[in-house]
Amino acid sequence: QGELVESGGGLVQAGGSLRLSCAAFGRTFSSYAMGWFRQAPGKEREFVAAISWNGDRTFYPDSVKGRFTISRDNAKNTVHLQMNSLKPEDTAVYYCAAKWGSPTQWGDYDYWGQGTQVTVSS
């Protein structure tokens, strides 16, 4: 079994930045695609970013493209999400996820973290 633990969330003003981290425990995820998703109160879970197992491919929806950057360090079994130019609509619980195979925007991931809250004030 494996476990994903997110950190780095918090309260930030609009226009600010946060860097989320996802640490993997119990197994190595270096061969897994990794993704970030978010869910705001009363809304469906939304895809935020994904990265291939070796980091050569990244994917973003238009809503965060150019503002968010996903990266990974397989030696440390960690994944990061750098979020810049944050907007109030980015407020949500952010989840890290791991998937065997190619990264996708769909929720078909095998492992999920418990989430970290990001709140952007206007």
Side-chain angles (χ1 to χ4, degrees):
Q1 294 295 331
E3 182 182 8
L4 301 174
V5 179
E6 302 94 338
S7 62
L11 174 64
V12 65
Q13 289 188 331
S17 298
L18 280 175
R19 186 177 189 237
L20 304 184
S21 296
C22 172
F25 300 94
R27 68 178 301 147
T28 180
F29 286 94
S30 59
S31 298
Y32 284 69
M34 302 296 294
W36 286 94
F37 292 77
R38 67 187 181 188
Q39 188 165 21
K43 295 187 177 181
E44 294 186 352
R45 185 174 58 195
E46 178 186 15
F47 168 69
V48 176
I51 189 167
S52 58
W53 71 273
N54 62 354
D56 67 340
R57 292 175 292 154
T58 57
F59 304 90
Y60 307 92
D62 289 343
S63 58
V64 307
K65 194 174 294 183
R67 299 189 298 122
F68 290 11
T69 303
I70 187 171
S71 62
R72 65 188 300 161
D73 184 341
N74 285 343
K76 296 182 179 179
N77 225 15
T78 58
V79 177
H80 302 286
L81 183 68
Q82 178 67 42
M83 305 186 296
N84 298 328
S85 303
L86 283 162
K87 305 175 182 179
E89 51 263 44
D90 294 319
T91 295
V93 177
Y94 282 70
Y95 298 91
C96 173
K99 178 182 183 294
W100 182 257
S102 298
T104 68
Q105 63 180 324
W106 314 114
D108 58 338
Y109 283 64
D110 304 302
Y111 297 87
W112 292 84
Q114 293 190 328
T116 184
Q117 176 71 46
V118 171
T119 303
V120 184
S121 62
S122 57

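Keep in mind the model is a prediction, meaning the values are calculated, not measured.
- Ring pair F37/W112 is tilted by interplanar angle, where 30° to 60° counts as tilted.
- Residue pairs meeting the ring-ring contact (aromatic ring centres under 6.0 Å, His included) criterion with at least one member in residues 51-76, sequence neighbours excluded, do not occur.
- When the shell of 6.0 Å around CD of Q114 is examined, it contains 12 or fewer heavy atoms from other residues, nucleotides or ligands.
- Note that CZ of R38 is 4.0 Å distant from CD of E46, once rounded to the nearest 0.5 Å.
- Residues Y95 and I51 are members of separate hydrophobic clusters, defined by side-chain heavy-atom contacts under 4.5 angstrom among Ile, Leu, Val, Met, Phe, Trp and Tyr.
- Put simply, W36 and M83 are part of the same group of oily side chains (I, L, V, M, F, W, Y) that touch within less than 4.5 Å, one to the next.
- Here the shortest heavy-atom pairing between S17 and S85 reads OG-N, 4.3 Å.
- Here the side chains of R57 and P103 are in contact, with some heavy-atom distance below 4.5 Å.
- Electrostatic pairing of D90 and K87 does not count as a salt bridge here, judged by no charged N lying under 4.0 Å from a carboxylate O.
- A cation-pi geometry, defined here as NZ or CZ lying under 6.0 Å from the six-membered ring centre and within 45° of its normal, does not hold between R27 and W100.
- The CZ atom of R19 sits 9.5 Å away from atom OG of S7, with the distance rounded to the nearest 0.5 Å.
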Chi angles and distances behind the side-chain contact (heavy atoms from CB on, under 4.5 Å) call for Q117, L11 | CA-CA 8 Å; Q117 176 71 46; L11 174 64; over 6 Å; no
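- Taking a 4.5 Å side-chain heavy-atom cut-off between Ile, Leu, Val, Met, Phe, Trp and Tyr, the cluster of F25 extends to V5.
- Residues V64 and F47 do not share a hydrophobic cluster, defined by chaining ILVMFWY side chains whose heavy atoms lie under 4.5 Å apart.
- In plain terms, the two heavy atoms of C96 and E6 that are nearest each other are N-OE2, 2.8 Å.
- Of all non-hydrogen atoms in L20 and Y94, the two that sit nearest each other are CD1-CB, 3.6 Å.
- Closest non-hydrogen pair, A98 versus M34, comes out as CB-SD, 3.5 Å.
- Across S122 and A14, no two heavy atoms sit closer than the pair CA-CB, 4.3 Å.
- Residues L4 and C22 form a side-chain contact, since some pair of their non-hydrogen atoms from C-beta on lies under 4.5 Å apart.
- Contact check for Q13 versus L86: no side-chain heavy atoms found under the 4.5 Å cut-off.
- Listed for the N77 side chain is no donor-acceptor partner under 3.5 Å among the backbone atoms of A23.
- Atom CG of N74 and atom OG1 of T28 lie 7.0 Å apart (nearest 0.5 Å).
- Between atom CZ of residue R72 and atom CG of residue L81 there is a gap of 13.5 Å, rounded to the nearest 0.5 Å.
- Under a hydrophobic-cluster definition in which Ile, Leu, Val, Met, Phe, Trp and Tyr are linked whenever side-chain heavy atoms come within less than 4.5 Å, directly or via other members, V118 and I70 are assigned to the same cluster.
- Nearest approach of A24 to F29, heavy atoms of both residues: CB-CD1, 3.1 Å.
- Residue R67 holds its CZ atom at 9.0 Å from CG of N84, rounded to the nearest 0.5 Å.
- The distance from atom CG of D73 to atom NE2 of H80, rounded to the nearest 0.5 Å, is 6.0 Å.
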